Amino acid sequence: MRLRELSNPDHLPALDKRYAISRPALGLGPNDPAPRILLLYGSLRERSFSRLCVEEAARLLQFFGAETRIFDPSDLPLPDQIGGDDHPAVHELREHSLWSEGHVWCSPERHGQITGIIKTQIDHLPLSMGGMRPTQGRTLAVMQVSAGSQSFNSVNTLRVLGRWMRMFTIPNQSSVAKAFQEFDDDGRMKPSSYYDRIVDVMEELVRMTVLMRGHVDQLVDRYSERKDAGVVIDPTTDLSSIAITS
């Protein structure tokens, strides 16, 4: 499988656990089963800071009670390069997205924008696939890393893409400036306000995912799709009609 193995998942040296809530979504909805989060990153460098940020995010998500998968895009073909998208990496990416309830997308900022690596992964996720929707109704957290001063170009673009993919992008986000200064030799993020923001974002993602998980079907129910499918509303079971007439 094209999933990266997360090293030392329980080791959180930059997290001050005196202030961390291990189950931040308690009371917002069913916490069982664990929220399922797919994480995507946007660089194939050996020391990829977007990947390192995603790995820190995955450790935090597991601390908060979620189940995580980090997709490795190293052999993902370009969109339309393979006829019918018939490539094992494409199939696997879509399967992981169908498995998920939420996503984390993290891209470097290159030439003022997201990288082709992260865009390729998103482009391989169709809005509809055999009656199933790999992204619709899922929560999304966006992050970026920069080599220079702090910027928000990539997270802004990822928000546009999330909306286009019919996802619910959470309000909080992370942008790590001069990312090369924020990690030690072992690839672990140093304590900083940037790290604290990633903690905030993952905490919020878990909360929003649990809060929405019992309501997703209703939230993505659309008049235009019911009309196209010929699904006629039965007034005897339509609760809104019953409430209006009663």
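What you see is a predicted model; the values in this text were computed from it and never measured.
Legend: residues meeting ring pair (Phe, Tyr, Trp, His ring centres under 6.0 Å) with Phe71, ordered by chain and number and at least two apart, are absent.
Side chain of Thr115 to main chain of Gly42: a donor-acceptor pair is present (N/O by atom type, distance under 3.5 Å, no hydrogens or angles). Using modelled atom types, one side-chain atom of Ser100 and one backbone atom of Ser97 make a donor-acceptor pair closer than 3.5 Å. For the pair Arg213 (side chain) and Pro30 (backbone), a donor-acceptor distance under 3.5 Å is present. Between the side chain of Arg23 and the backbone N or O of Phe63, at least one donor-acceptor pair lies under 3.5 Å.
Arg133 CZ: more than 12 foreign heavy atoms inside a 6.0 Å radius.
Here ring-ring contact (aromatic ring centres under 6.0 Å, His included) pairs that include residues 109-164, with residues two or more places apart or in two chains, number zero. Sorted by first and then second residue, the salt bridge (charged side-chain N to carboxylate O under 4.0 Å, His left out) pairs with a member in residues 184-196 read Glu56-Arg188; sequence neighbours excluded.
Using a 4.5 Å cut-off between side-chain heavy atoms of Ile, Leu, Val, Met, Phe, Trp and Tyr, Leu98 falls into a hydrophobic cluster with Met129, Met132. Residue Met1 is found in a hydrophobic cluster whose other members, listed by chain and number, are Leu3; membership requires side-chain heavy atoms under 4.5 Å apart, directly or through intermediates.
For the 3.5 Å distance criterion, the side chains of Asp85 and His91 fail to qualify, holding no donor opposite an acceptor. For the residue pair Thr209 / Thr139, a side-chain donor-acceptor distance below 3.5 Å is found, with atom types taken as modelled.
Of all heavy-atom pairs between His87 and Asp75, the closest is CE1-O, 3.3 Å. When all heavy atoms of Ala141 and Ile170 are compared, the closest pair comes out as CB-CD1, 3.9 Å.
Under a hydrophobic clustering in which Ile, Leu, Val, Met, Phe, Trp and Tyr are joined whenever their side-chain heavy atoms come within less than 4.5 Å, directly or via other members, Val90 and Ile122 fall into the same cluster. Put simply, Leu60 and Ile37 are part of the same group of oily side chains (I, L, V, M, F, W, Y) that touch within less than 4.5 Å, one to the next.
With respect to the salt-bridge test (charged N to carboxylate O, under 4.0 angstrom), the residues Arg36 and Glu67 do not qualify. Between Glu182 and Arg197 there is no salt bridge, since no side-chain nitrogen of the basic residue lies less than 4.0 Å from a carboxylate oxygen of the acidic one.
Checked against Gln113 for a side chain to side chain donor-acceptor pair (under 3.5 Å), the options Asn156, Thr157, Asn153 give a single hit: Thr157.
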Can you check side chain to side chain contact (heavy atoms under 4.5 Å, CB included) on Met189 and Ile198, steps first, answer last? CA-CA 10 Å; Met189 199 166 184; Ile198 293 177; 3.8 Å; yes

Gln62 and Leu6: CA distance, side-chain angles, deciding distance, side chain to side chain contact (heavy atoms under 4.5 Å, CB included) verdict: CA-CA 11 Å; Gln62 291 187 18; Leu6 189 63; 3.7 Å; yes

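Contact of the Ile21 side chain with the Phe64 side chain is not registered, since no non-hydrogen atoms from C-beta on lie closer than 4.5 Å. Between Ser7 and Arg59, some side-chain heavy-atom pair lies under the 4.5 Å cut-off. Ile114 is not listed as a side-chain neighbour of Trp105, based on a closest heavy-atom distance of 4.5 Å or more. Arg4 is listed as a side-chain neighbour of Glu55, based on a closest heavy-atom distance under 4.5 Å. The closest side-chain heavy-atom distance from Leu61 to Val104 is below 4.5 Å. A 4.5 Å side-chain heavy-atom check between Glu101 and Val216 finds every atom pair outside the cut-off. Side-chain contact between Arg94 and Leu125 is present, with at least one heavy-atom pair separated by less than 4.5 Å. Side-chain contact between Cys106 and Phe49 is absent, with no heavy-atom pair separated by less than 4.5 Å.
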Side chains of residues 171-180: which donor-acceptor partners sit under 3.5 Å, not counting sequence neighbours?
{"residue": "Gln173", "atom": "OE1", "partner": "Arg159", "partner atom": "NE", "Å": "2.8"}
{"residue": "Gln173", "atom": "OE1", "partner": "Arg159", "partner atom": "NH2", "Å": "3.2"}
{"residue": "Ser175", "atom": "OG", "partner": "Ser151", "partner atom": "O", "Å": "2.5"}

